[in-house]
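Read through the structure below, which is laid out as structure tokens, and then see the notes.
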Amino acid sequence: MWVNEINDAVASLDTFPARYALAAIDDAFEEEIRQLLYGKGRGVYRILFTIQNETVVVLRVLHSARDMNAEL
């Protein structure tokens, strides 16, 4: 099921989350906002997160069809 796959993708952030690129909206925030793109074709999801000390905080999981500048 796709929800389990997204949960697995989020769980993968446990290992070196800084390897993912900064999100395009990063400039609008004081903290670094990074993104993990998960999926293929029309089924791509953007997992937006920040790293606070040694903790990964997932901010949003958005379908890629959503506006890239969607509010956090």
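A quick note: this is a predicted structure, and the numbers were derived from the prediction, not measured.
For the ring pair (Phe, Tyr, Trp, His ring centres under 6.0 Å) test, residues two or more places apart in sequence or in another chain that qualify with Y45 are W2, H63. Residues passing the side-chain contact (heavy atoms from CB on, under 4.5 Å) test with A9, sequence neighbours excluded: L36, Y38, I47.
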Please set out all donor-acceptor pairs under 3.5 angstrom arising from side-chain atoms of residues 51-59, sequence neighbours excluded.
| residue | atom | partner | partner atom | Å |
| --- | --- | --- | --- | --- |
| Q52 | NE2 | E31 | OE1 | 3.1 |

Side chain to side chain contact (heavy atoms under 4.5 Å, CB included) between F49 and V10, worked out:
CA-CA 9 Å; F49 66 95; V10 169; over 6 Å; no

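Counting heavy-atom neighbours within 6.0 Å of R19 CZ, excluding the residue itself, gives a total above 12. Within a 6.0 Å sphere centred on CG of N4, other residues, nucleotides and ligands contribute more than 12 heavy atoms.
Expressed to the nearest 0.5 Å, how far CG of L62 lies from CD of Q35 amounts to 10.0 Å.
Side-chain heavy atoms closer than 4.5 Å link hydrophobic residues (I, L, V, M, F, W, Y) into clusters, and following such links, possibly through other members, connects F29 to L48.
A 4.5 Å side-chain heavy-atom check between R46 and V61 finds every atom pair outside the cut-off.
Grouping Ile, Leu, Val, Met, Phe, Trp and Tyr by side-chain contacts under 4.5 Å, direct or through others, leaves F16 on its own.
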